[in-house]
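Here is the structure we will look at.
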There are 2 protein chains.
Amino acid sequence: MTAAATRHHIVEAADRLFYERGFEATAFADIAAQTGLSRGNFYYHFKTKDEILAAVIALRLERTERLLARWREEAGSPREAIESFSQMLIGNRTEIMRHGCPVGTLCAELAKLDHRALGRATELFYLFRDWLAGQFTALGRRQDAERLALHLLMRSQGIATLATAFRDEDFIRREVEAMNGWLDSECPDTAPLPHP
Amino acid sequence: MTAAATRHHIVEAADRLFYERGFEATAFADIAAQTGLSRGNFYYHFKTKDEILAAVIALRLERTERLLARWREEAGSPREAIESFSQMLIGNRTEIMRHGCPVGTLCAELAKLDHRALGRATELFYLFRDWLAGQFTALGRRQDAERLALHLLMRSQGIATLATAFRDEDFIRREVEAMNGWLDSECPDTAPLPHP
DNA sequence: GTCTATACGGAGATAGAC
DNA sequence: GTCTATCTCCGTATAGAC
């Protein structure tokens, strides 16, 4: 295996563990168990645990950019693109009920740790915000596109947090419905036709 | 100092530190520094760190019950009582921007740790939910009181999470306004009169 | 009740063989 | 590049003096 491949392997395992258990609670031993590598080997690829965190955030940023690009390509309209966002909560409901939103929980943990990487992690939110704002702009809401985008982000975070505490799948579905209803009321001309 | 007083002193310090830094990231040494007690002394009052956590959650449950009772007493109407809830986000904005919501971030951390105390921590959410549902019932919305209550809780969590990541006070104020606007639309007959 | 001293394990990190 | 062995520090928890 090449160095780059091993490195990527480590980052992928860390990515999942940081999400499932949290950054601090994840030990090198956990990553070692996941990857089948020895602890000592990590230090050939990363000098510190913080460097692994930085690589994980970079990976998430790349993936998020690709995801958003795909949503835009596959959507027939900005409205449909936005609904890809809200549908994500349903598609990922199992993981969300167990570990919350990967972005929100990482930022929350880093904020408490007063960790220097918080700013970088917040970039993940900015990606979603700017992408959503772009869709609202395309819907003719250029003036308040950012406000609308942040409102959707806010709702997604609230849904994820409560879903984790309550472990309630119906709650997620109901609130995603309400989110789409809010979209209808804000952008009525884009609302999908009701079923006949 | 009596044993009960010392115990309470420990729990209060742990309460603050668990909120500010998180449960796992808080060490006995931190609590010792806060209280002026020695590490060894803790074990006279609590057998394990988990017992301190249980005591912290119990303290928060008591305090929350008292807070909700006070809100109800001081409010001139159920609608005013509900607005005490949304106003809390503004009153506590500084702490929220630094450490998030004490309830949401604790539940999120315990969920990731797969900690047995998660259920007990979730009781904090249930207190707010049931209290809010009670206000909606008093407003004549008995049928969907719980749904409305969870929606408000959801928004409070989303606001807190984004406020922590973005460190944006204006965002909080704007979303609290939107929250009150949502209240107006759901319970129009209770809406306060617009300023003349 | 509170202290000091200490056990014990696990964390991140390093050194050097292969 | 990857391993094993090891270092050091810090975490929770215990023992026992006062």
Side-chain angles (χ1 to χ4, degrees), chain A residues 1-59 106 109-110 112-118 120-121, chain B residues 1-57 106 109-110 112-118 120-121:
Chain A
M1 190 144 63
T2 70
T6 301
R7 189 191 144 96
H8 191 247
H9 199 193
I10 293 172
V11 177
E12 293 229 312
D15 176 40
R16 193 160 94 222
L17 288 164
F18 288 176
Y19 172 45
E20 291 178 358
R21 310 186 185 184
F23 168 63
E24 274 233 328
T26 299
F28 279 96
D30 300 324
I31 307 177
Q34 281 281 318
T35 56
L37 297 165
S38 71
R39 266 160 299 153
N41 190 3
F42 297 152
Y43 291 90
Y44 175 79
H45 301 277
F46 304 95
K47 276 195 281 292
T48 66
K49 192 181 178 187
D50 283 355
E51 278 192 15
I52 299 185
L53 174 62
V56 165
I57 295 173
L59 175 70
L106 179 63
E109 182 178 2
L110 296 182
K112 292 216 192 227
L113 295 175
D114 215 358
H115 197 291
R116 7 176 321 125
L118 171 60
R120 192 81 179 121
Chain B
M1 191 144 62
T2 70
T6 301
R7 190 191 144 97
H8 191 247
H9 199 193
I10 293 171
V11 177
E12 293 229 312
D15 175 41
R16 193 159 96 224
L17 288 164
F18 288 176
Y19 172 45
E20 291 178 358
R21 308 187 187 183
F23 168 64
E24 273 234 330
T26 299
F28 280 96
D30 299 325
I31 306 178
Q34 281 280 320
T35 55
L37 297 165
S38 73
R39 263 162 304 153
N41 190 5
F42 298 152
Y43 292 90
Y44 175 78
H45 301 277
F46 305 95
K47 277 196 280 293
T48 66
K49 192 182 178 186
D50 283 355
E51 279 193 15
I52 300 185
L53 174 62
V56 165
I57 294 174
L106 179 63
E109 183 178 3
L110 296 182
K112 292 216 192 227
L113 296 175
D114 214 359
H115 197 291
R116 11 177 317 125
L118 172 60
R120 192 83 179 121

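So that the names make sense, note that chain A is the first sequence line, chain B the second, and so on, each numbered from 1.
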Rounded to whole Å, please give me the gap between [atom1] in [X] and [atom2] in [N].
X: B:L53; N: D:dT12; atom1: CG; atom2: P; result: 13 Å
X: B:F42; N: D:dA13; atom1: CZ; atom2: C1'; result: 13 Å
X: A:E51; N: C:dG12; atom1: CD; atom2: P; result: 15 Å
X: B:I31; N: D:dG11; atom1: CD1; atom2: C1'; result: 12 Å
X: B:K47; N: D:dT12; atom1: NZ; atom2: P; result: 18 Å
X: B:D50; N: D:dG11; atom1: CG; atom2: P; result: 17 Å
X: B:R39; N: D:dT14; atom1: CZ; atom2: P; result: 15 Å
X: A:F46; N: C:dT14; atom1: CZ; atom2: P; result: 15 Å

Flag the pair [X] / [Y] as yes when at least one side-chain heavy-atom distance between them is below 4.5 Å, and no otherwise.
X: B:F23; Y: B:L113; value: yes
X: B:H115; Y: B:D50; value: yes
X: B:L106; Y: B:L53; value: yes
X: B:F42; Y: B:T35; value: yes

Counting heavy atoms from C-beta on, name the nucleotide in [options] closest to the side chain of [X].
X: A:Y44; options: C:dT6, D:dG1, C:dT4; answer: D:dG1
X: B:Y43; options: D:dC3, C:dC3, D:dT12; answer: D:dT12
X: B:K49; options: C:dG12, C:dG1, D:dT12; answer: D:dT12
X: B:A27; options: C:dT2, D:dG11, C:dA13; answer: D:dG11
X: B:L37; options: D:dT12, C:dC3, D:dC3; answer: C:dC3

So what does [X] hit on the nucleic acid, given a heavy-atom distance under 4.0 Å: a base, only sugar-phosphate, or nothing?
X: B:T26; result: sugar-phosphate
X: A:T2; result: nothing
X: B:F28; result: sugar-phosphate

**Message:** Assuming nearest nucleotide by heavy-atom distance, tell me which of B:A3 and B:G40 is located more 5' along DNA chain C.
**Reply:**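 Nearest nucleotide further toward 5': that of B:A3.
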**Message:** Please tell me whether B:F28 and B:Y43 form a close aromatic pair, meaning their ring centres lie under 6.0 Å apart.
**Reply:** yes
**Prompt:** OP1 or OP2 of D:dC3 sitting under 4.0 Å from any side-chain N/O of A:N41?
**Reply:** yes
**Request:** State whether A:T6 places a side-chain N or O below 4.0 Å from either non-bridging phosphate oxygen (OP1 or OP2) of D:dT2.
**Result:**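 Yes.
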